[in-house]
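Right, one structure below, let's go through it.
Just so we're on the same page: letters track the sequence lines, and every chain starts at 1.
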Protein chains: 2
Amino acid sequence: MNVKQSDIAAKLGISRVTVTKALQDSPDISTEMKVKVKQIAEEMDYIPNLTARHLTAKKTRTLGVILPDITNMYFSSIVRGMMEVAERESYHIILTVSREEKTKESENIFKLLSMNVDGLLVCQTLDTVEAEIFEKVKKRKKPLVFFGRPVGFSGYDSIGFDDFLAAEKLTEYLISKGKTKIAHISGDIKSDGGYRLDGFLSAMKKNKLEVNEDWIIKGKFFPEYGYEGFNKIFNAGTLPEVIFCGNGMIAQGVYDAIREKELKIPEDISVVAVDHKKFAEMLYPKLTYIDYPTRTLGCEAMKLIIQKIESKNKKNKIENIILDTFLIENDSLA
Amino acid sequence: MNVKQSDIAAKLGISRVTVTKALQDSPDISTEMKVKVKQIAEEMDYIPNLTARHLTAKKTRTLGVILPDITNMYFSSIVRGMMEVAERESYHIILTVSREEKTKESENIFKLLSMNVDGLLVCQTLDTVEAEIFEKVKKRKKPLVFFGRPVGFSGYDSIGFDDFLAAEKLTEYLISKGKTKIAHISGDIKSDGGYRLDGFLSAMKKNKLEVNEDWIIKGKFFPEYGYEGFNKIFNAGTLPEVIFCGNGMIAQGVYDAIREKELKIPEDISVVAVDHKKFAEMLYPKLTYIDYPTRTLGCEAMKLIIQKIESKNKKNKIENIILDTFLIENDSLA
DNA sequence: ATACTTTTCTTAAACGTTAACTTAAAAAAG
DNA sequence: CTTTTTTAAGTTAACGTTTAAGAAAAGTAT
């Protein structure tokens, strides 16, 4: 089949191990021999067999990543950050997707463990509530870092954003701009959507502002929920001054619904949301939003897991990192 | 470290191989023994070591995918389709990203070959012109399928869209709607952008319509090129009736530039493009476009490579599959 | 009771690479 | 010159799994 080290050895009439060592630049081997071996390797188009190498080595320099959805730019942008750091540190990534299914998530974890990854980076599905499978990972002492979504249970390293604080910050800002009539269309309340809703409610309460029951819509992170959400609010009678959307996709649906009613953003009604730059800035008029720096998240998550891997023996405590988010003022707020 | 088959064997006082066979449901093993082995395996949290398995097996049921950019929804949506089929056929995917760099692309190919993937699915970078590295893959008889972008050299299996025809079709449609003054802002002319431009020019020529030199802007597939492109056209004097954009991102930039001039789409000027649904439909007003069904492409590409792998011995000829594209009429065309 | 099957399990070897030792020859030290 | 050190290789075994071939036990036919 493929050219292997023993083929090179045979050609040169030397032992297999000499080839290994020569290719590794071991001090055991003379310079001339190294040159000879490398040249023949090149000529024969030798490509090392990682499978075999991994079997002897304890480390594979491979990391497993599990995403809920690859077409969501929030996640793909995180992965991009991860890849940058991984490359710099010469690790490689095996990317798997759970499609928001718990069973797929477990399968992926097993698959990645089977492949002897050095560590796991996981963004849980919205349905993940039991730590069971992750306990198994822990028992194997396999480094694991959760990223990008709030983790439902403690005892694990994680990195992400504080959805509650972000929503509170955005709400406070709206209030500081004199807005008092604010509606909220949330994403999945089981996860980040819920924390964002809570942050919104908390800020309203702190400022002793009333929250209209009809203006709290619990949805999911997709445009259609924004679209329907706005229509519900519209049909409820009085219109709020601002619609606070759980994320950019919801805002996109809200934009569509607002236009359908022939209302103007931001003249007739303002819209704000929480999301990351790449998506938020695609909408027109440009969204005023809290920016979640996803690429940075990816970079930091990768740095964290690598640090966990490379200091495996030393006991290092659990870290729960929260990254800063930024208020970006654009045109969707009057 | 991890529990291995020999640990199970030791616990039961049987041979290592009996465990292998029991877990494989080999007819060599009695039903009671199988039950016992599986139960102990479960209890001990045994996870098979794929690295070791792959060393003996000729097949790894693993496929390598190389993308130019993971944050581009065009590509991530293709991958989504691939993953669906891969899962169904119980293959897994190792996803790598070349970031449009030729050297990174080569590195990724080596890495994937090192990992003993059964086949490669490659979307080339815009700079890839030499077949050299791919010739090496071919020499190793490793199945390889190009997808998503025109391939610069022949002799390889590929699957994609016909950019020339798509652009011609869209242009013909514009002409059939009575448009004669059409501008084109292209993507990368070295690749699909060039074929789309050529298709446009061809349709114009066929219909004996004049093409204004100032209305042909050669750019790249990013919003800023659309933005600048439109401004150049605007500053050239007379305004065309339609701007045909190389893709949706270019259209996005064009939209922004048009709005800045306080013009209305489609009342003052129309905009059309070539792209896939998920992106195209995010713009407002909704874009009239040629839809590239990316997810289908992913599915078909995966089916093709699997077929190539599983019929490796039989000599099968080179296939160059072209998928259908669809004209979607929306609101951006008057 | 012998020979032949069938069932069930074991032994041996292999996959490609590497880590840990060992050996042989050459160079340096005494 | 002998002894020690250095240099440059080679040998052996291991990583965890699987395949192929072989052996022991049990059953069946003659």
Which of these nucleotides, D:dG16, C:dG16, C:dT18, is closest to any side-chain atom of A:Q5?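 Shortest atom-to-atom distance from the side chain points to C:dT18.
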Choose from C:dT17, D:dT18, C:dA20 the nucleotide whose nearest atom is closest to any side-chain atom of B:T20.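 Taking heavy atoms from C-beta onward, the closest nucleotide is D:dT18.
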Please check if any side-chain donor atom of [X] sits under 3.5 Å from a side-chain acceptor atom of [Y], or the reverse.
X: A:T60; Y: A:N116; answer: no
X: A:T71; Y: B:K278; answer: yes
X: A:E105; Y: A:T128; answer: yes

So which protein N/O to nucleotides 6-9 of chain D N/O distances come out below 3.5 Å?
from, atom 1, to, atom 2, distance (Å)
D:dA9, OP2, A:S30, N, 2.9
D:dA9, OP2, A:S30, OG, 2.5

5' precedence on DNA chain D between B:T51 and B:V17 (nearest-nucleotide basis):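 So the residue in question is B:T51.
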Any B:T56 side-chain N or O less than 4.0 Å from OP1/OP2 of D:dT19: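 No, B:T56 has no side-chain N/O under 4.0 Å of OP1/OP2 on D:dT19.
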Do any side-chain nitrogens or oxygens of A:Y46 fall under 4.0 Å of OP1 or OP2 in C:dG16?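 No.
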Who passes side-chain hydrogen bond (donor to acceptor under 3.5 Å, both in side chains) against B:E130, sequence neighbours left out?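 side-chain hydrogen bond (donor to acceptor under 3.5 Å, both in side chains) list for B:E130, sorted by chain: empty.
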Non-neighbouring partners of A:Q24 that pass side-chain hydrogen bond (donor to acceptor under 3.5 Å, both in side chains), sequence neighbours left out: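 For A:Q24, no residue satisfies side-chain hydrogen bond (donor to acceptor under 3.5 Å, both in side chains) once neighbours in sequence are set aside.
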Atom [atom1] of [X] and atom [atom2] of [N]: how far apart are they, to the nearest Å?
X: A:N49; N: C:dC15; atom1: CG; atom2: C1'; value: 8 Å
X: B:L55; N: C:dT17; atom1: CG; atom2: C1'; value: 8 Å
X: A:R16; N: D:dG10; atom1: CZ; atom2: P; value: 11 Å
X: A:K59; N: C:dA19; atom1: NZ; atom2: C1'; value: 18 Å
X: B:K58; N: C:dC15; atom1: NZ; atom2: C1'; value: 10 Å
X: A:H54; N: D:dC15; atom1: NE2; atom2: C1'; value: 13 Å
X: A:I8; N: C:dG16; atom1: CD1; atom2: C1'; value: 12 Å
X: B:D7; N: D:dG16; atom1: CG; atom2: P; value: 9 Å

Scan residues 18-55 of chain A for pairs that pass ring pair (Phe, Tyr, Trp, His ring centres under 6.0 Å), counting only residues two or more places apart or in two chains.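 Matches after skipping sequence neighbours: none remain.
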Would you say NZ of A:K111 has more than 12 non-hydrogen atoms from neighbouring residues, nucleotides or ligands within 6.0 angstrom?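 Counting neighbours around NZ of A:K111, more than 12 heavy atoms of other residues, nucleotides or ligands fall under 6.0 Å, so yes.
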Go through it in stages, so that I can follow the logic: the residues are A:S77 and A:R295, the test is side chain to side chain donor-acceptor pair (under 3.5 Å), and I'd like the CA-CA distance, side-chain angles, deciding distance and then a yes or no. CA-CA 6 Å; A:S77 157; A:R295 189 151 154 196; over 6 Å; no
Mind grabbing the angle between the end helix axes of the helix from C:dA1-D:dT30 to C:dG30-D:dC1? Five pairs an end, 10° rounding.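 It works out to 60° between the end axes.
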Would you give me the side-chain donor-acceptor pairs under 3.5 Å for residues 145-161 of chain A, sequence neighbours excluded?
from, atom 1, to, atom 2, distance (Å)
A:R149, NH1, A:E100, OE1, 3.2
A:R149, NH1, A:E100, OE2, 3.4
A:R149, NH1, A:Q124, O, 2.8
A:R149, NH2, A:E100, OE2, 2.7
A:Y156, OH, A:F134, O, 3.4
A:Y156, OH, A:E135, N, 3.2
A:Y156, OH, A:E135, OE2, 2.9
A:D157, OD1, A:K308, NZ, 3.2
A:D157, OD1, A:E319, N, 2.6
A:S158, OG, A:N320, ND2, 2.7

